[in-house]
Every structure is written in C-alpha cells, then in structure tokens.
J.: 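Before we start, here is the structure in question, set down as structure tokens.
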Number of protein chains: 2
Amino acid sequence: MDKNALFNKLVSFTTSVHRVTNELTKNAKPDLISQVQYNILEQIAVSQPVTPSEINDCQNMSMPNTSRELNKLNEKNLIIKINDSQDRRKQYIRLSQEGEAIMNKAFATIESHFLERIQGASEEDLKEMEQSIDILQTKLFYPNE
Amino acid sequence: MDKNALFNKLVSFTTSVHRVTNELTKNAKPDLISQVQYNILEQIAVSQPVTPSEINDCQNMSMPNTSRELNKLNEKNLIIKINDSQDRRKQYIRLSQEGEAIMNKAFATIESHFLERIQGASEEDLKEMEQSIDILQTKLFYPNE
DNA sequence: AGATTTAGTTATCAAATGATAATTAAGAGG
DNA sequence: CCTCTTAATTATCATTTGATAACTAAATCT
C-alpha cells in the first residue's frame, strides 16, 4: 500500500480534527483560565491522576512552565496535588471538585455542539464512526510506550 | 445508538490525536517561526489559497492578530499575498517558494516519524486506517459550511 | 557513603499572544 | 447617494508563554 498517500490523508485529517475541535470547543473554555491551562485541565480530566512529568510530555512544555501553570490552577482551586507515598518526589494531579464542575460544564457545551454536528447522521453512520474511531485509536493514535 | 458514549469516545480520541500530532511534529517546526505561525503555515500548505478571514476562523484568532502574524510571515518571505480581482477587499494567501521549501522539509520530518509509528502495521491494518480516516473525515470532521 | 539521576520548584527575562479600539477601503442594500 | 456591512490594517497594552539557570529533595546506582 502507498504509505505516502496515507500520510497525505493523515495530514489533512489531523488538520480537520484540529479545526473541528476548535469549533466544538468554542465558548467552552471558561474565561478565568488560559488556553494552555484549559488544555492541561482537559488532559487531567481525561486521564487523571496524572503526574506533572506526563503533562509536560503530552503538552510539549518544559517542567518549569508546567510547574508554574499547575500552581496557577492550584491557586484557582481547580486541581489538587497528591504526593506519592512510595516515591516522594512524585505527585499525582487530580481535578478538585470545582475543577470537575468546570470541566463537566465545558464538556456539556462541547457535547451539545457535537450533537448538532452529527444531527443528520443515521444509525449506520454512527456505528461506522464508532468503529473508525476504535480502529484509528488502537492502530495509529495509540500511546507511545 | 448511544450518542453519549460516542461523544466520550470522541473526547479521548481527539486527545490522542493531539498528543500523537505533537509527537509527530516534534522537531519539525523550524526555529525561525513561532508555533502559531507554524500552525498558520500548515493551514496554508494544506488548503491554499486561503483568505485571512479563513485563517482566523480556523485558528480561533482575531483579525488583528491574524493580520500581524501574516505580516511577520510575509517579512520572512514565507508567504505571498494576492489581491482578489473581483472583491478588492479580499486577499488570497499562498506559500512562497521559500515557504513551500520550509513546509516540505517539515512534512518530511513528520512523515518519517509517521512511518516509524506505523512500521509494525500490516497491509490489512493500513487499509483499515485509510478507510477509517475517510469515514471520519466525511461524516464527522467535514467542513462546517 | 558518595555520585548521579529523577521529579519538581523558583526566579527571571525576552518574546509571543490576546484583546481592544480606531481606521481604511471596498461592497451591498435601500 | 447614503448607510451598513465586510475585509483587513495599525497601534497599543496587559498577559501568557517559552526558555534558561540555579536549586531542593528524594531515589538510585556503584
């Protein structure tokens, strides 16, 4: 199979995913946090608990900056830091109750945009989408190691 | 079908796409441009010609900021601006030769990371991925209007 | 025990970004 | 012709971000 053609498809696909994600998340981000902070909260929400190191890997940031942003989120009472009892250098980050509330609200907004978007889809379409997501997630967008 | 479950899948899927995209594009961005500028160049590369308005819609920026960033890219000779002959308020943005060269190099880097990632995939897998991308792109990540 | 690595913090500074207001110029509609 | 809207620009300022250096503390290695 032509891997080059597949790559070109992937490029325009990821561009589409980014664009649509932007559209879906429009107005979902609360004003009191920055885009970077929102991205971090989203990562925490999806895969909590999470360590600061994991955050800076996924978000492509440096430790000092991750630390700073986590402090800001902590000051805003949106996250909590838990010390690892085994390895006392490590921390685990979770959403606080307030953080959960904020993210639930954001996800609800995103979901309503999503529902509008798939409004016209048939049962058949939905099934196909679900299977396609599963395939791509396991075969292409799997975690690195 | 449970649209709510599909939505949850979509959330973790888009998170994965973002994370993997980050990994693939690591080291691909030339140092002389910022992340935002790179995103803009990528959009131009994928769907040129493009108007400044389209850019600020897709990138979720404001017109003044889009204009500023395009000026910076123009000063760096990475893009060219072409006036619409019909509607003289409009512009079309394209990559300059230098811009094309830079983006080709970036895409080559990304492609090599991509090839590493799908190294273990069988013919069958590749075909499935391609079909899945097609399905999602037409049924879910289609352009808005 | 001493050296090295790992996880995270603090401080600092330049640069990039976001947001807003004011402006120009060209279309579009009445 | 006049008003309204659209496309884009310029200028400005506060904030956010990125990058780097120096540091603490705990774990691991030898």
Side-chain angles (χ1 to χ4, degrees), chain A residues 18 22 25-44 48-76 78-94 145, chain B residues 18 22 25-44 47-76 78-94 144-145:
Chain A
H18 281 96
N22 268 348
T25 54
K26 225 166 223 168
N27 314 317
K29 180 180 80 58
D31 286 337
L32 76 147
I33 57 174
S34 74
Q35 186 59 47
V36 169
Q37 287 165 17
Y38 177 79
N39 293 344
I40 293 174
L41 283 187
E42 205 171 68
Q43 186 192 342
I44 300 172
Q48 56 185 330
V50 116
T51 66
S53 305
E54 285 167 346
I55 293 175
N56 73 49
D57 283 346
C58 288
Q59 312 283 337
N60 251 349
M61 1 187 3
S62 65
M63 273 299 278
N65 294 335
T66 302
S67 181
R68 175 183 56 197
E69 297 310 318
L70 287 176
N71 273 338
K72 290 182 191 168
L73 289 171
N74 205 12
E75 277 162 27
K76 290 174 184 170
L78 299 178
I79 59 168
I80 49 179
K81 300 180 171 187
I82 302 154
N83 293 313
D84 186 324
S85 50
Q86 258 83 55
D87 185 338
R88 283 172 26 214
R89 292 168 306 179
K90 274 193 190 172
Q91 295 176 354
Y92 295 105
I93 312 290
R94 287 189 161 284
E145 58 249 80
Chain B
H18 282 95
N22 269 348
T25 55
K26 225 167 224 169
N27 314 319
K29 181 180 79 59
D31 285 337
L32 77 147
I33 59 175
S34 74
Q35 186 59 47
V36 169
Q37 287 165 18
Y38 177 79
N39 293 344
I40 293 175
L41 284 186
E42 206 172 65
Q43 185 191 344
I44 300 172
S47 49
Q48 56 184 328
V50 118
T51 66
S53 305
E54 285 168 344
I55 293 174
N56 71 51
D57 282 347
C58 290
Q59 311 282 338
N60 251 350
M61 359 184 9
S62 65
M63 274 298 277
N65 293 336
T66 303
S67 182
R68 174 183 56 199
E69 296 311 319
L70 287 176
N71 272 338
K72 289 183 191 167
L73 290 171
N74 204 12
E75 276 162 27
K76 290 172 183 171
L78 300 177
I79 60 167
I80 49 179
K81 299 180 173 187
I82 302 154
N83 294 313
D84 187 323
S85 47
Q86 259 82 56
D87 185 338
R88 285 171 26 214
R89 292 167 306 180
K90 274 193 188 171
Q91 294 178 354
Y92 294 105
I93 312 290
R94 286 189 162 286
N144 211 358
E145 56 249 83

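Only this structure's heavy atoms are used, side chains among them; waters, hydrogens and symmetry mates stay out.
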J.: Starting at atom CG of Asn60(A), determine the distance to atom C1' of dT17(D), rounded to an integer number of angstrom.
T.: 14 Å

J.: Is the distance from OP1 or OP2 of dG18(D) to the nearest side-chain N or O of Ser34(B) less than 4.0 Å?
T.: no

J.: Pick out which of Leu73(A), Thr66(A), Ile44(A) makes a side chain to side chain contact (heavy atoms under 4.5 Å, CB included) with Ile93(A).
T.: Ile44(A)

J.: Over how many whole Å does the gap from Lys76(A) atom NZ to dT15(D) atom C1' extend?
T.: 11 Å

J.: What does the inter-axis angle of the helix from dA1(C)-dT30(D) to dG30(C)-dC1(D) come out as, five pairs per end, nearest 10 degrees?
T.: 40°

J.: Please state how far atom CD in Glu75(B) lies from atom C1' in dT9(D), giving the value in whole angstrom units.
T.: 13 Å

J.: Between Gln37(A) (CD) and dT15(D) (C1'), how many Å, whole number?
T.: 11 Å

J.: Quick one: CD1 on Ile80(A) to CD on Gln91(A), what's the gap to the nearest 0.5 Å?
T.: 12.0 Å

J.: Establish, with yes or no, whether the OP1 or OP2 oxygen of dT17(C) is under 4.0 angstrom from a side-chain nitrogen or oxygen of Gln35(B).
T.: no

J.: Rounded to the nearest Å, what distance is computed from the CG atom of residue Asp84(B) to the C1' atom of nucleotide dA7(D)?
T.: 11 Å

J.: Using a heavy-atom cut-off of under 4.0 Å over every strand shown, decide if Glu54(B) touches base, sugar-phosphate, or nothing.
T.: nothing

J.: What is the distance, rounded to the nearest whole Å, between atom CG of Asn74(A) and atom P of dT10(C)?
T.: 11 Å

J.: I want to confirm an ordering. Mapping Arg68(B) and Met63(B) to their closest nucleotides on DNA chain D, which one lands closer to the 5' end?
T.: Met63(B)

J.: Could you give the distance from OG1 (Thr51(B)) to CG (Asp87(B)), rounded to the nearest 0.5 Å?
T.: 10.5 Å

J.: What nucleic acid atoms does Gln86(A) come within less than 4.0 Å of, heavy atoms only: base, sugar-phosphate, or nothing?
T.: sugar-phosphate

J.: Whole-Å distance between dT16(D) C1' and Met61(A) CE?
T.: 10 Å

J.: Output yes when at least one side-chain N/O atom of Arg89(A) is less than 4.0 Å from OP1 or OP2 of dT6(C), else no.
T.: no

J.: Check this for me: does any side-chain nitrogen of one of Lys72(B) and Glu75(B) sit under 4.0 Å from a carboxylate oxygen of the other?
T.: no

J.: Could you grab the distance from atom CE of Met61(B) to atom CD of Glu69(B), nearest 0.5 Å is fine?
T.: 5.0 Å

J.: Do any side-chain nitrogens or oxygens of Asn83(B) fall under 4.0 Å of OP1 or OP2 in dA7(D)?
T.: no

J.: What's the CG-P distance between Asn71(B) and dA11(D), to the nearest Å?
T.: 10 Å

J.: Please tell me if Lys81(B) has a side-chain N or O lying less than 4.0 Å from either OP1 or OP2 of dT9(D).
T.: yes

J.: Would you tell me whether Gln43(A) and Asn39(A) have side-chain atoms, one donor and one acceptor, within less than 3.5 Å of each other?
T.: no

J.: Both Glu69(B) and Ser53(A) contact DNA chain C. Which one's nearest nucleotide lies toward the 5' end?
T.: Ser53(A)

J.: Let me spell it out: for each of Arg88(B) and Pro64(B), pick the nucleotide of DNA chain C with the closest heavy atom. Which residue's pick is nearer the 5' end?
T.: Pro64(B)

J.: Determine whether a donor-acceptor pair (N or O, by modelled atom type, separation under 3.5 Å) exists between the side chain of Asn22(B) and the backbone of Cys58(A).
T.: yes

J.: Please work out if Asn65(A) contacts a base, only the sugar-phosphate, or nothing of the nucleic acid, heavy-atom cut-off 4.0 Å.
T.: base

J.: Between Arg68(A) and Asn71(A), does any side-chain donor sit less than 3.5 Å from a side-chain acceptor?
T.: no

